[in-house]
Engineer: 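Have a look at this one.
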Amino acid sequence: QQPVQSPQAVILREGEDAVINCSSSKALYSVHWYRQKHGEAPVFLMILLKGGEQKGHEKISASFNEKKQQSSLYLTASQLSYSGTYFCGTFGSYNTDKLIFGTGTRLQVFP
Amino acid sequence: GAVVSQHPSWVICKSGTSVKIECRSLDFQATTMFWYRQFPKQSLMLMATSNEGSKATYEQGVEKDKFLINHASLTLSTLTVTSAHPEDSSFYICSAQPGQGPHEQYFGPGTRLTVT
């Protein structure tokens with residue numbers, strides 16, 4: 001079943017923060033986060049593994065709560081380049097290679 | 001870094017014709033490749049998993065006789081949309097990963113198919 005993301009869309013001013021949530025009805029082994037610009041392929045942001053630590057770049061980080069089967073993506077001090085649609089992708093176990101994408105969150109950053 | 005290419009990037013065809021889309025991993029060997037379809041303002045939906053040298057595994061609801069997948073080598077997978085209809089118009093994206101299991105997937109740039 002497809003993971004559900006919230007919010008569906010968010011509008012920010014440059015410099016504001018945002019949190020995007022990804023919730024699955026199934027147990028998760030790992031969560032991937034991607035950003036997709038209009039008409040382009042998704043770009044990999046990060047992966048979070050079961051039992052692993054929170055990962056991220058300078059201003060983009062994420063967490064993974066295995067028990068709640070949820071992941072959150074944190075965007076700090078947003079930049080115009082952050083605009084796009086964010087997808088979480090989930091793997092149910094180590095033995096699977098099927099990445100199931102979430103419903104998506106559209107993010108628009110204005111100056 | 002790992003690069004995946006797709007060809008063509010954009011194609012228009014007439015209803016009833018077939019279209020072949022190629023997906024290549026340029027700097028790594030991909031034991032597994034995936035084909036996704038994305039309609040406007042929607043998420044990517046996995047169509048099938050393609051393993052080199054074996055038959056593709058199709059997701060529920062995807063017609064295997066309509067969407068033919070061939071993974072002839074460790075660097076090439078092809079998707080052929082047979083007898084295309086306007087409802088097949090979509091953005092088709094392939095991805096590849098070097099090994100098996102839940103690893104990072106590298107995406108191709110996508111192919112925009114329009115069936116008239």
Side-chain angles (χ1 to χ4, degrees), chain A residues 1-6 8-9 20 22-24 26-52 55 57 62 64 66 71 84-108, chain B residues 1-7 9-10 21 23-25 30-52 54 56-62 71 90-114:
Chain A
Q1 232 171 355
Q2 187 177 33
V4 176
Q5 290 181 230
S6 62
Q8 287 183 305
I20 299 172
C22 172
S23 181
S24 173
K26 293 186 174 182
L28 300 175
Y29 175 79
S30 69
V31 178
H32 299 210
W33 284 96
Y34 291 84
R35 176 171 59 215
Q36 185 181 31
K37 302 275 187 179
H38 181 68
E40 300 178 7
V43 172
F44 174 79
L45 294 176
M46 67 188 70
I47 179 173
L48 300 105
L49 299 174
K50 184 177 180 179
K55 296 192 176 188
H57 305 288
F64 179 21
E66 302 153 32
S71 177
T85 301
Y86 289 78
F87 293 101
C88 64
T90 61
F91 282 105
S93 73
Y94 179 77
N95 294 321
T96 182
D97 49 16
K98 276 174 40 171
L99 181 64
I100 306 300
F101 280 89
T103 51
T105 297
R106 298 185 72 183
L107 177 74
Q108 185 73 52
Chain B
V3 179
V4 175
S5 70
Q6 268 184 254
H7 177 81
S9 57
W10 184 66
I21 303 170
C23 176
R24 293 181 185 272
S25 56
T31 53
T32 307
M33 288 185 170
F34 304 87
W35 287 96
Y36 295 87
R37 181 167 55 184
Q38 185 177 34
F39 293 107
K41 297 186 179 180
Q42 292 188 22
S43 184
L44 287 81
M45 300 305 294
L46 180 65
M47 297 175 67
T49 302
S50 166
N51 291 298
E52 186 264 339
S54 62
T57 303
Y58 291 82
E59 294 301 301
Q60 196 172 8
V62 177
H71 196 151
S90 187
F91 192 48
Y92 291 86
I93 308 174
C94 72
S95 71
Q97 62 181 42
Q100 292 185 324
H103 299 292
E104 177 182 346
Q105 292 187 14
Y106 302 98
F107 285 84
T111 297
R112 176 78 56 191
L113 171 65
T114 301

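In what follows, chains carry the letters A, B, and so on, assigned in the order in which the sequence lines appear, proteins first and then strands, with residues in each chain numbered from 1. From a predicted model like this one, the values you see are computed outputs, not experimental measurements.
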Engineer: Is a donor on one side and an acceptor on the other found under 3.5 Å between the side chain of B:Ser43 and the backbone of A:Gly102?
Structural biologist: yes

Engineer: Is chain B contacted by the side chain of A:Gln5, its backbone, both, or neither, given a heavy-atom distance below 4.5 Å?
Structural biologist: neither

Engineer: Check whether any side-chain heavy atom of A:Gln36 lies under 4.5 Å from a side-chain heavy atom of B:Leu44, and answer yes or no.
Structural biologist: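 Yes, close enough: below the 4.5 Å cut-off.
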
Engineer: For A:Lys37, look at atom NZ and say whether over 12 heavy atoms of other residues, nucleotides or ligands are found less than 6.0 Å away.
Structural biologist: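 Atom NZ in A:Lys37 is crowded, with more than 12 foreign heavy atoms closer than 6.0 Å.
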
Engineer: Quick one: are A:Leu99 and B:Ser95 in side-chain contact, heavy atoms under 4.5 Å?
Structural biologist: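 They are not in contact (no side-chain heavy atoms under 4.5 Å apart), so the answer is no.
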
Engineer: Who pairs with B:Ser90 by side-chain contact (heavy atoms from CB on, under 4.5 Å), at least two apart in sequence or on another chain?
Structural biologist: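 Expected list: B:Arg37, B:Phe39, B:Tyr92.
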
Engineer: Between atom OG1 of A:Thr85 and atom CD of B:Gln42, what is the distance when rounded to the nearest 0.5 Å?
Structural biologist: 12.0 Å

Engineer: A:Lys98 and side-chain contact (heavy atoms from CB on, under 4.5 Å): which partner among B:Thr49, B:Thr57, B:Thr32?
Structural biologist: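 So the option named by the test is B:Thr49.
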
Engineer: Which one of B:Gly110, B:Pro109, B:Ser9 has the most heavy-atom pairs closer than 4.5 Å to chain A?
Structural biologist: B:Pro109

Engineer: With sequence neighbours left out, write down each residue that passes ring pair (Phe, Tyr, Trp, His ring centres under 6.0 Å) with A:Tyr34, or none if nothing qualifies.
Structural biologist: A:Phe44, A:Phe101, B:Phe107

